[in-house]
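This report refers to the structure that appears directly beneath it.
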Amino acid sequence: MQLKPSLLAFTLLLAAHAQADDYVAVHYIHYDEGSGRTTIQTPTVELNKDFGTDYTLNLSAGRDALSGASPTWYDATSGASARLPDHAVPANDIHYGNIPYDDNRTFVSGALTTRFENRDALTVGLNYSSESDYLSRGVSAEYLHYLDESKNRSVSVGLSYQKNSVDVHCFLGNTICDAISGASSKTITKDLDVINAEIGLTQILDTQSLIKASLFYNYESGYLSNPYMRVVRNTTHIVEEAKPNARKGGGATLTYSRALTDALSVNLYYRFYHDDWDITSHTISLSTFYELNDTLTLGLAGRYYTQSAAWFYHPGKDHFTDETYASSDRRMGAWDAYDLKVSADIHVSETVTIQGAAGYYTQPGTFHSRYLSVGIQYGF
Amino acid sequence: MGRLLMLSTLIFLLGGCGMIQDVKPWEKDQLAKETLTPAGSDTNLHAFRKHLYFSKEASKGGGGVAGGGCGCN
C-alpha cells in the first residue's frame, strides 16, 4: 500500500543542521489510527559523525511495518476488497469503507556536509525507500552561503529529485492494465518524477533569536493516482480514480525562534502552499522546549493545518459521470487537521540521552491517530 | 510569495537601521542549541511526523531544506 515516500532528502538535510555532534541513535515509533485503520511500527537507527570541522556524515535507516485498512468505495455484496467489480453495481450496494492491507517499507538515507574555508557548506544527500508496490530513489543538494563576516545572515539553495516507480496490480481489475494489448505481466509499473527546489534566508536578530524565510517549488510528473482509490461513475460503476498526471505547487515559509530565557525556547512556523490542483493550505505550528535542569528537557508542540479541495475532488457516489479527472480520495478534500505532541529528553549521563514522546493527530470527522516514540541516543 | 519577498527585504533593511544586532561567534551559544529548532533533539520523530503529514495531507514542500545557518560550525 502506498503511503508514498516522504521528502526524506529534505528531512535529512534539516537533521544534519539541527545536530552536529557525533552520536548514534535508535528509536522505535508506534502509530495507530484505531478503528481498524492503519497501524505502523517503525524501528530506526541513525548515525551522525563529524570528520574534523569540515565534514559531517549522517546516515539513517528504518523499516515501517504497516497494517490496517484504507477507506474507499467497494461493492458490499462481494465484501470489502481492493479488486474492482467488472459489472454495474446497484447504488445501494456501493459503500464507502475500509479496504484491508498490509505492507512493509524499508528506507535508507545518507547526507554528507562539506564546509569550506569561508564556512559555506554543501550538503549532498541520497535516499531510497521500497515497498511491495512502490520504489523511490532520490538525490538532493543544498548550498549554504554566509552573507556577512559575522555569519549572522545566510542564504541557502536546495534542490532535490526523486524518481519513483509505482506498481499497479492487474488483478485489481484496473483499466490501465486492460489498455495494454497482450499484456502478460500481472503488474504494470508507472513512473512518477518529483522535483523540489527551495531558497531560504536566515537572519540572526540578536543573541537569543533568529528568523528564517523560504520560498519553495514542487513539480510532480507521472502517475499521481493511487491504484487502490476508487470513484463511482454514473452511480453504478466503481472504477479507479483518475488524477491529473502533473502537478505544480509552491509556497513560502517563515520560522521565528527565540530563547526566552536560558532554559525556555520557542519556535513559531508558518507555511503557505498553493498548487494548480486548486489546493491552498495554511500551516501554523508552535514548539517549545523547557530545560528543567541538567537532566530533563520537556517539549510541547502544536500544529494546525487547513486545506481547500482539489478541483477534481468530490466525496459523493452520485456525482461523477464521464469526467477526465475524478477522485474521492479524502486527502484531496477540504478539511482541517490538528497535531499535539509532548516530549521528554532525559540526559542520563554526559553521553546517553533517553528520548520519549507521545502525540495525537486528528482530522476531525475523519480519523484520529496516536503515536508514541521511545529512543536512546549515545554521543561519542 | 510577495509578502515573503517584502519580509526578506525588510530583514536586510532592518540590518541597515541597526535593529539587527551584530552577534559575535562567541555569543551564539543559545542560538546553537537544538531547542532553537522546531525539531528539537529528536530528529527521527520529526522526520516521522513530516512523513505523516506528507501521507495524509495534500500539501508538499517547505520542509526546511533552506535556511538554518547560524554560523555555529
Could you walk me through whether A:Tyr305 and B:Ser59 pass the side chain to side chain donor-acceptor pair (under 3.5 Å) check?
CA-CA 10 Å; A:Tyr305 172 84; B:Ser59 305; 2.6 Å; yes
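- Inter-residue side-chain proximity for A:Ser257 and B:Thr37 is flagged as unmet; no heavy-atom pair is nearer than 4.5 Å.
- If you measure heavy-atom distances from A:Tyr217 to chain B, you find no contacts under 4.5 Å at all.
- Remark: A:Gln377 CD to B:Asp42 CG distance equals 8.5 Å, nearest 0.5 Å.
- When heavy atoms are compared at a cutoff of 4.5 Å, A:Asp54 does not approach chain B at all.
- In this structure, the side chain of A:Asp206 does not engage the main chain of B:Gln21 through any donor-acceptor pair within 3.5 Å.
- With sequence neighbours left out, A:Thr306 forms a side-chain contact (heavy atoms from CB on, under 4.5 Å) with A:His282, A:Tyr304, A:Asp336.
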Audit row: B:Tyr53, A:Arg303, side chain to side chain contact (heavy atoms under 4.5 Å, CB included) steps and yes/no
CA-CA 11 Å; B:Tyr53 306 146; A:Arg303 178 180 182 271; 3.3 Å; yes
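- Of the inter-residue distances, the one linking A:Thr38 atom OG1 with B:Leu52 atom CG reads 10.5 Å to the nearest 0.5 angstrom.
- With hydrogens and angles disregarded, a donor-acceptor distance shorter than 3.5 Å links the side chain of A:Asn152 to the backbone of B:Val23.
- Heavy-atom distances place no part of A:Thr366 under 4.5 Å from chain B, backbone and side chain included.
- By the salt bridge (Lys or Arg N to Asp or Glu O under 4.0 Å) test, B:Asp22 is found to be paired with B:Lys24, residues two or more places apart in sequence or in another chain being considered.
- In this structure, CD1 on B:Ile20 lies 5.5 Å from CZ on A:Arg153, to the nearest 0.5 angstrom.
- Using a 4.5 Å heavy-atom cutoff, the side chains of B:Ser41 and A:Thr353 are not in contact.
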Could you give me the CA-CA distance, side-chain angles and deciding distance for A:Gln355 and B:Asn44, then say whether side chain to side chain contact (heavy atoms under 4.5 Å, CB included) is met?
CA-CA 10 Å; A:Gln355 297 171 317; B:Asn44 280 284; 5.9 Å; no
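- Contact of A:Thr42 with chain B is made through the side chain alone, with heavy-atom distances under 4.5 Å.
- A cation-pi arrangement is found for B:Lys56 relative to A:Phe367, the charged atom lying closer than 6.0 Å to the ring centre and inside a 45° cone about the ring normal.
- Of the N and O atoms on the side chains of A:Tyr290 and B:Thr35, not one donor lies less than 3.5 Å from an acceptor on the other residue.
- At distances below 3.5 Å, at least one donor-acceptor pair connects side-chain atoms of A:Gln307 with backbone N or O atoms of B:Ala58.
- Counting heavy atoms from C-beta on, the side chains of B:Glu57 and A:Tyr273 never come closer than 4.5 Å.
- Of the atoms belonging to A:Thr261, it is backbone heavy atoms, and not side-chain ones, that fall under 4.5 Å from chain B.
- Judged by distance alone, the side chain of A:Arg258 and the main-chain N or O of B:Leu36 form no donor-acceptor pair under 3.5 Å.
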B:Phe48 vs A:Thr44, side chain to side chain contact (heavy atoms under 4.5 Å, CB included): CA-CA, chis, key distance, verdict
CA-CA 10 Å; B:Phe48 182 87; A:Thr44 63; over 6 Å; no
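- For B:Gln30 against A:Ala259, the heavy-atom pair with the smallest separation is OE1-CB, 3.5 Å.
- Contact check for B:Thr43 versus A:Glu46: side-chain heavy atoms found under the 4.5 Å cut-off.
- Taking the ring centre of A:Tyr361 as origin, the terminal cationic atom of B:Arg49 falls outside the region bounded by 6.0 Å and 45° from the ring axis.
- Contacts of A:Ala337 with chain B are made by side-chain atoms alone, with heavy-atom separations under 4.5 Å and no backbone atom involved.
- Atom-to-atom distance recorded for A:Thr207:OG1 and B:Trp26:CH2 is 13.0 Å, nearest 0.5 angstrom.
- Counting only heavy atoms from C-beta outward, the side chains of A:Arg105 and B:His51 approach each other to under 4.5 Å.
- For A:Gln363, the part lying near chain B is the side chain, with the backbone staying farther off; criterion is any non-hydrogen pair under 4.5 Å.
- Of the inter-residue distances, the one linking A:Leu372 atom CG with B:Leu45 atom CG reads 10.0 Å to the nearest 0.5 angstrom.
- For a residue to count as touching a neighbouring chain, one of its non-hydrogen atoms must lie under 4.5 Å from one of that chain's; by this rule A:Trp277 does not touch chain B.
- Between A:Asp275 and B:Lys60, the closest side-chain pair of non-hydrogen atoms is not below 4.5 Å.
- Interface remark: of the candidates A:Ile279, A:Thr280, A:Asp262, A:Asp262 forms the most heavy-atom pairs closer than 4.5 Å to chain B.
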